[in-house]
Amino acid sequence: MINRLSTRLMNICVASCCKARNLVKAEAVIVDGIRLGILPSVTTYNTLVDAYCRFVGLDVAYSIIGRIKEAGMRPDVVTYNSLIAGATRRQLLSQVVDLFNEMIDAGITPDLWSYNTLMHCFFSLGKPDEANRIFQDIILSNFSPCSTTFNIMLHGLCKNGYINNALMLFRNLERHGFIPEIVTYNILINGLCKHRRLGAAREMLQELGKSGLEPNAITYTTVMKCCFRSRRYEQGLEIMSVMRSKGYTFDGFSYCTVIAALVKTGKMDEANYYMEEMMISGIELDLVSYNTLMNSYCKEGKVEAANQLLDELEKGGLECDQYSHTIIINGLCKAGNIEGALRHLQYMNVIGFKFNLVAHNCLIDAMCKSGQIDRAMRFFESMEIKDSITYTSLVFGLCRERRYKCASKLLLSCLRSGMTILKSAKRAVLDGLRSSGLTNEAKKLQSKIRVARTYRSDLDLLS
DNA sequence: ATAGGGTTAG
């Protein structure tokens with residue numbers, strides 16, 4: 001009895017060390033416990049599995065299964081659920097599937113948590129059909145879905161472009177005996193904002209108010225971000241001041257939203273003010289905060305400082321992502337250092353990052369703006385993926401060099417690939433053709449643009 | 001022990 005109580009105490013200690021990301025101390029607590037004759041339970045190990053998954057790596061977490069067996073116990077459904085969640089966070093589908101099978105082979109029956117996580121995994125990998133199959137299985141099986149099941153489903157539908165299906169499911173929630181939570185509303189408001197359905201988002205916000213729930217910091221940050229995205233900066237900043245005056249948590253997410261918007265609009269004084277405030281607020285800076293700071297440095301031309309920050313965060317145990325590197329590449333481009341940017345792009349490639357469209361677009365634009373249009377065209381040919389931003393930069397670049405015929409060809413191939421292009425880019429080409437006496441070419445281009453548009457809307461109707 | 005908001009390019 002005393003020992004079991006001690007085990008529970010040990011679990012509380014281990015959990016608190018894990019929460020503080022101090023895994024060395026967590027292990028030390030276990031060693032000390034064993035010395036005193038207190039044996040860890042599966043729960044103790046499960047706590048470790050989750051922490052190793054989150055903060056160290058999947059392999060180390062997985063190796064705990066061996067330790068559980070050595071201690072004469074068996075891993076349980078929680079052990080596997082934690083590992084599956086870890087693999088899901090890292091988007092490792094094959095490992096998720098392997099773990100699932102291994103769990104079943106070990107005679108452990110997956111529970112609702114397992115299926116919820118699996119569903120989330122499929123959604124985050126862009127496999128909505130598979131996720132939906134799991135959802136149907138849950139509904140038809142003996143499990144009763146819980147609120148998380150519905151929230152994961154709604155979020156997954158929104159993220160995969162099925163906002164209308166999400167709304168339909170939302171309207172049917174009551175039939176499933178489920179009352180929307182604040183999380184549910186936040187998921188839908190965000191989905192509507194991302195699909196630029198601001199009116200519907202506002203209605204949802206009102207509905208949230210009427211339901212008796214209070215919007216929280218996440219709701220506010222979502223709506224604020226939406227304002228910035230639709231270039232209503234004043235309105236966004238107003239929401240920020242409401243948040244602050246009403247005493248809502250103003251955390252790293254909110255700071256990054258505001259700082260990025262200020263940097264984007266060139267309001268560097270205000271951006272610096274909030275950056276300073278964020279840094280002295282005691283909020284632990286995470287990767288996204290660092291990326292936001294790096295981008296701000298770059299905007300001021302301090303690429304070296306941004307690079308230092310990149311080293312600093314890696315020394316601090318964080319791992320740079322493609323945003324970090326793209327921000328540096330963009331910074332180098334904007335500072336006119338195309339060679340440096342190309343070197344960094346190659347470095348990204350060497351350390352295992354996949355093709356990054358944004359980084360390539362930065363380089364295309366920089367080459368165009370520095371008068372190296374032929375180099376830009378060669379670089380363009382080498383790109384495995386292109387989008388409307390790639391084309392826009394090049395079309396403007398070609399117009400700047402008065403190569404209107406070439407610009408016209410590129411414009412058409414953009415439209416014919418089903419992409420849209422800025423109106424101002426079309427106008428630059430048409431005006432250019434006319435001003436250089438190619439009136440006939442301009443007319444032809446205009447009608448071809450019209451044909452491309454009709455064709456595109458036919459495609460839209462078909463899909 | 002799973003779910004919601006933040007960072008890059010024309």
Side-chain angles (χ1 to χ4, degrees), chain A residues 15 43 46-47 49-51 53-54 76-86 88-89 111-121 123-124 146-156 158-159 181-191 193-194 216-226 228 249 251-261 263-264 286-296 298 321-331 333-334 356-366 368-369 387-397 421-422 424-425:
Chain A
T43 308
N46 287 346
T47 309
V49 168
D50 181 64
C53 275
R54 282 175 198 276
D76 64 8
V77 66
V78 179
T79 320
Y80 277 98
N81 284 349
S82 300
L83 287 166
I84 291 169
T88 295
R89 261 177 243 122
D111 62 5
L112 182 62
W113 293 66
S114 323
Y115 288 106
N116 283 346
T117 313
L118 191 61
M119 203 169 81
H120 182 220
C121 178
F123 270 131
S124 67
C146 64
S147 67
T148 311
T149 313
F150 288 107
N151 289 332
I152 292 174
M153 187 67 190
L154 290 167
H155 180 234
C158 288
K159 274 274 149 72
E181 303 161 336
I182 184 68
V183 184
T184 322
Y185 280 105
N186 287 343
I187 288 168
L188 285 162
I189 291 170
N190 186 45
C193 286
K194 289 278 152 68
N216 61 14
I218 296 182
T219 324
Y220 275 106
T221 311
T222 306
V223 178
M224 183 168 71
K225 163 77 186 159
C226 179
F228 292 140
T249 351
D251 56 12
F253 281 71
S254 325
Y255 273 114
C256 289
T257 310
V258 171
I259 294 167
V263 169
K264 190 163 240 170
D286 64 2
L287 182 60
V288 178
S289 327
Y290 274 113
N291 286 344
T292 307
L293 295 180
M294 274 164 46
N295 190 44
S296 172
C298 286
D321 63 358
Q322 34 177 344
Y323 280 86
S324 330
H325 293 293
T326 306
I327 285 164
I328 295 289
I329 289 172
N330 181 41
C333 284
K334 292 289 184 309
N356 185 299
L357 182 58
V358 178
H360 280 75
N361 283 345
C362 292
L363 273 152
I364 289 270
D365 195 58
C368 287
K369 286 190 174 140
D387 70 356
S388 110
I389 295 181
T390 330
Y391 282 97
T392 309
S393 289
L394 271 171
V395 166
F396 278 127
I421 197 159
L422 286 182
S424 53

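Reminder, nothing fancy here: chain letters follow the sequence lines and each chain counts from 1. Just so you know, these numbers come straight off a predicted model, no measurement behind them.
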Range on DNA chain B touched by chain A, heavy atoms, distance below 4.0 Å: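 Span of nucleotides near chain A: B:dA1 to B:dG10.
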Indicate, with a heavy-atom threshold strictly under 4.0 Å, whether [X] touches base, sugar-phosphate, or nothing.
X        : result
A:Ser324 : nothing
A:Thr184 : nothing
A:Asn216 : base
A:Ala217 : base
A:Asn81  : base
A:Thr292 : sugar-phosphate

A:Lys369: salt bridge (Lys or Arg N to Asp or Glu O under 4.0 Å) partners, not counting sequence neighbours: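 Salt bridge (Lys or Arg N to Asp or Glu O under 4.0 Å) list for A:Lys369, sorted by chain: A:Asp365.
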Residue pair A:Asn295 / A:Thr292, side-chain donor-acceptor N/O under 3.5 Å: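 Not at all, the side chains of A:Asn295 and A:Thr292 share no donor-acceptor pair under 3.5 Å.
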Partner residues of A:Tyr185 under the ring-ring contact (aromatic ring centres under 6.0 Å, His included) criterion, sequence neighbours left out: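 So A:Tyr185 forms a ring-ring contact (aromatic ring centres under 6.0 Å, His included) with A:Phe170.
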Distance in Å, A:Ile327 CD1 paired with A:Cys298 SG, rounded so as to fall on 0.5 Å steps: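 Going from CD1 on A:Ile327 over to SG on A:Cys298, the span is 7.5 Å.
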Any donor-acceptor pair under 3.5 Å from A:Thr47 side chain to A:Thr43 backbone: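 A pair under 3.5 Å: yes.
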